[in-house]
Colleague: 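This is the structure I want to talk about, given as structure tokens.
As a basis for the values below, the full set of heavy atoms in this structure was taken, side chains included, without hydrogen atoms, waters or symmetry mates. Just follow the structure's listing: the first ligand is 1, and inside any ligand the first atom is 1.
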Amino acid sequence: MKLTGKIALVTGASRGIGFAIAKILSENGALVVITAKNSDRIKQAEVKIPNSFAITCDIRKKNEVQNVVNQTIKKFGKLDILVNNAGIFPRIKQLHEIDEEEWNEVIDVNLTGQFRFTKEAIPYLQKTSGCIINISSDAGLKAYQGFNADAYSASKAALIVLTKCWALEYAKDKIRVNCICPGVVDTDMTKPFLKNQKDIDFMNNEHPLGRIGQPEEIGKAVLYFTSDDASWVTGAVLTVDGGESIK
Ligand SMILES: NC(=O)c1ccc[n+]([C@@H]2O[C@H](COP(=O)([O-])OP(=O)(O)OC[C@H]3O[C@@H](n4cnc5c(N)ncnc54)[C@H](OP(=O)(O)O)[C@@H]3O)[C@@H](O)[C@H]2O)c1
């Protein structure tokens, strides 16, 4: 087991990619604190993931984020792994159609939320020489004709550069910080774009390997970054996207 004795915290773990990440970390020996906004959903996830501990938390609220980290330390005494995964995808509109509230909402969840969790976790990760994995997106790497959600792309691009800033800043503490950019993955977030066979065929063809991804395929990449297999890897940005970003 690669992660025996490790304490991990995964945000947005009630479903989709976060659920798959939490499950694979647990299957590899970690005790996993799982968080999400919806209480019922995160409690259902806790039942399905062995050695998991659910805490409801709206990532937009500083006191709730602090509560998650405090409870983690109170219950397990330390923190080794933080996975910043929680995120939302707004309705696709052109820039001039977005109002400021919509923009702020996406930035608050997808970017400031990751700042909040990382800020609270760092003092404990310094003690364990732990690691951080940020879940960004191909949308943080490039633009898409007719498929842009500007605040989303901005939040994901910012997370890529923050990965490098944090990796450099905290290398002295032996904290490793890495980032994953998924292509389109089959989750609730992408359901609106996969409503019928025509949409599904289109999305599959967007990826050179001929299909969209499964949440577990992102989970496996996270497992690599959290394990000793990646002991000399920090500041890395790994695309896990069926080749989508090389087009
Ligand atoms: N799916 C893709 O194709 C894809 C591609 C690239 C990157 N990503 C990124 O991967 C991550 C996971 O995406 P996904 O597809 O698994 O999405 P998802 O199925 O919609 O799940 C999103 C998760 O984030 C949580 N969340 C949303 N708003 C929150 C808030 N205010 N406070 C706390 N938790 C909140 C949700 O919790 P609740 O259940 O409580 O709502 C849920 O656990 C996101 O950062 C996303 O941007 C996804």
Side-chain angles (χ1 to χ4, degrees), residues 9-24 32-46 48-49 52 54-65 67-68 82-92 104-117 133-142 144 147-149 151-160 162-163 179-194 199-200 203-204 206-207 211-219 221-222 237-242 244-245:
L9 198 172
V10 182
T11 71
S14 56
R15 50 200 169 119
I17 293 172
F19 179 88
I21 293 169
K23 190 156 175 285
I24 201 165
V32 190
V33 176
I34 55 174
T35 80
K37 180 160 60 81
N38 182 292
S39 268
D40 291 341
R41 273 203 288 268
I42 199 63
K43 281 180 193 150
Q44 283 164 25
E46 186 185 47
K48 292 179 194 154
I49 303 173
S52 69
I55 307 174
T56 306
C57 164
D58 185 338
I59 202 167
R60 295 171 298 182
K61 297 187 178 147
K62 181 178 158 187
N63 62 326
E64 294 189 17
V65 171
N67 177 53
V68 172
L82 170 66
V83 184
N84 285 316
N85 166 78
I88 53 172
F89 191 88
R91 285 179 56 201
I92 290 177
N104 288 338
E105 168 77 2
V106 175
I107 297 296
D108 200 9
V109 175
N110 290 8
L111 180 57
T112 316
Q114 323 308 326
F115 154 77
R116 291 186 188 102
F117 259 104
I133 294 87
N134 293 323
I135 306 300
S136 177
S137 168
D138 273 4
L141 292 169
K142 59 184 258 192
Y144 292 85
F147 198 71
N148 279 323
Y152 184 82
S153 299
S155 70
K156 294 301 183 181
L159 203 51
I160 291 171
L162 283 176
T163 297
C179 180
I180 294 169
C181 293
V184 175
V185 178
D186 187 11
T187 68
D188 288 348
M189 184 176 277
T190 52
K191 272 202 171 73
F193 310 108
L194 301 167
D199 289 351
I200 294 167
M203 270 316 172
N204 283 338
E206 283 293 291
H207 298 75
R211 62 173 179 84
I212 63 168
Q214 293 302 316
E216 295 71 24
E217 295 178 292
I218 310 304
V222 171
V237 180
L238 177 66
T239 54
V240 183
D241 64 356
E244 204 286 330
S245 57

Colleague: May I ask you to decide if Lys156's main-chain N or O and Ser136's side chain share a donor-acceptor pair within less than 3.5 Å?
Modeller: yes
Colleague: Nearest heavy atom to atom 6 (C) of ligand 1 wins, so pick from Gly140, Gly16, Pro182, Gly87.
Modeller: Pro182
Colleague: Looking only at protein heavy atoms, which one is nearest to atom 3 (O) of ligand 1, and how far off is it?
Modeller: Val185 N, 2.7 Å
Colleague: Among protein heavy atoms, which lies nearest atom 31 (N) of ligand 1, and at what distance?
Modeller: Asp58 OD1, 3.0 Å
Colleague: Can you find a heavy atom in the side chain of His207 that is under 4.5 Å from one in the side chain of Val184?
Modeller: yes
Colleague: Under a 3.5 Å distance rule, please check whether Asp241 uses its side chain to pair with a backbone N or O of Pro182 as donor and acceptor.
Modeller: no
Colleague: Using heavy atoms and a threshold below 4.0 Å, how should the contact between Tyr152 and ligand 1 be classified: side chain, backbone, both, or neither?
Modeller: side chain
Colleague: Return yes if some donor-acceptor pair links the side-chain N/O of Glu46 with the main-chain N/O of Ala54 below 3.5 Å, else return no.
Modeller: yes
Colleague: Could you identify the single nearest non-hydrogen protein atom to atom 26 (N) of ligand 1 and state the distance to 0.1 Å?
Modeller: Ala86 CB, 4.1 Å
Colleague: Does Lys142 NZ have over 12 foreign heavy atoms under 6.0 Å away?
Modeller: yes
Colleague: Does Gly113 have a non-hydrogen atom less than 4.0 Å from ligand 1?
Modeller: no
Colleague: Taking non-hydrogen atoms only, is Ala13 closer than 4.0 angstrom to ligand 1 via side chain, backbone, both or neither?
Modeller: backbone
Colleague: How far does CD1 of Ile107 sit from CZ of Arg60, to the nearest 0.5 angstrom?
Modeller: 14.0 Å
Colleague: Less than 3.5 Å between some nitrogen or oxygen of Ile59 and one of ligand 1, yes or no?
Modeller: yes
Colleague: What I want to know is whether Asn110 and ligand 1 share at least one N or O pair that is separated by under 3.5 angstrom.
Modeller: no
Colleague: With atom 10 (O) of ligand 1 as the reference point, say which of Ile135, Ile212, Val184 has the nearest heavy atom.
Modeller: Ile135
Colleague: Starting at CD1 of Ile49, measure out to CD of Gln44 and round the result to the nearest 0.5 Å.
Modeller: 12.0 Å
Colleague: Answer side chain, backbone, both or neither: which part of Ala139 comes under 4.0 Å from ligand 1, heavy atoms only.
Modeller: neither
Colleague: If the cut-off is 4.0 Å to any non-hydrogen atom of Cys57, which atoms of ligand 1 fall inside it?
Modeller: 32 (N), 33 (C)
Colleague: Taking atom CZ of Phe193 and atom CD of Glu206, what is their separation to the nearest 0.5 Å?
Modeller: 12.5 Å
Colleague: Tell me which part of Thr11 gets within contact of ligand 1: side chain, backbone, both or neither, using heavy atoms under 4.0 Å.
Modeller: neither
Colleague: Looking only at N/O atoms, are Gly18 and ligand 1 under 3.5 Å apart anywhere?
Modeller: no
Colleague: Could you state the interatomic distance from CD (Gln114) to CG (Leu162), rounded to the nearest 0.5 Å?
Modeller: 9.5 Å
Colleague: What protein heavy atom is closest to atom 45 (O) of ligand 1, reported as residue, atom name and distance in Å?
Modeller: Asn85 O, 2.7 Å
Colleague: Which atoms of ligand 1 are found less than 4.0 Å from any heavy atom of Arg41?
Modeller: 38 (P), 39 (O), 41 (O)
Colleague: Tell me the closest heavy-atom pair linking Ile34 and Ser52, and the distance in Å.
Modeller: CD1-OG, 3.9 Å
Colleague: Against heavy atoms of Ile88, which atoms of ligand 1 measure under 4.0 Å?
Modeller: 27 (C), 28 (N)
Colleague: Closer than 3.5 angstrom, by distance alone: can the side chain of Asn110 be matched with the main-chain N or O of Ile88 as a donor-acceptor pair?
Modeller: yes
Colleague: What is the distance from atom OG1 of Thr35 to atom NZ of Lys37, rounded to the nearest 0.5 Å?
Modeller: 12.0 Å
Colleague: Judging by distance only, is a nitrogen or oxygen of Ser14 under 3.5 angstrom from one on ligand 1?
Modeller: yes
Colleague: Mind checking whether Phe19 has a heavy atom under 4.0 Å from ligand 1?
Modeller: no
Colleague: Short question: side chain of Asn85, backbone of Thr11 - any donor-acceptor pair under 3.5 Å?
Modeller: yes
Colleague: Considering non-hydrogen atoms of the protein only, which is the closest contact for atom 25 (C) of ligand 1, and what is the distance?
Modeller: Gly12 CA, 3.7 Å
Colleague: N/O to N/O below 3.5 Å, does that happen between Asp138 and ligand 1?
Modeller: no
Colleague: Below a 4.0 angstrom heavy-atom separation, can you tell me which part of Thr187, side chain or backbone, both or neither, approaches ligand 1?
Modeller: side chain
Colleague: What's the shortest distance from atom 41 (O) of ligand 1 to any protein heavy atom, and which residue and atom give it?
Modeller: Arg15 NH2, 2.9 Å
Colleague: At a 4.0 Å cut-off, with the gap strictly under it, does some heavy atom of Ser136 reach an atom of ligand 1?
Modeller: yes
Colleague: Nearest protein heavy atom to atom 16 (O) of ligand 1, by residue and atom, and its distance?
Modeller: Ile17 N, 2.8 Å
Colleague: Pick one: which of Ile42, Asp40, Val68, Asn67 meets side-chain contact (heavy atoms from CB on, under 4.5 Å) with Thr56?
Modeller: Ile42
Colleague: What is the nearest protein non-hydrogen atom to atom 13 (O) of ligand 1, stated with its residue, atom name and distance?
Modeller: Met189 CE, 3.9 Å
Colleague: Can you list the ligand 1 atoms lying under 4.0 Å from a non-hydrogen atom of Ala36?
Modeller: 34 (N), 37 (O), 40 (O), 43 (O)
Colleague: Can you tell me how far the CG atom of Asn84 sits from the CG atom of Leu9, to the nearest 0.5 Å?
Modeller: 9.0 Å
Colleague: Closer than 4.0 angstrom, basic N to acidic O: yes or no for Arg116 and Asp108?
Modeller: yes
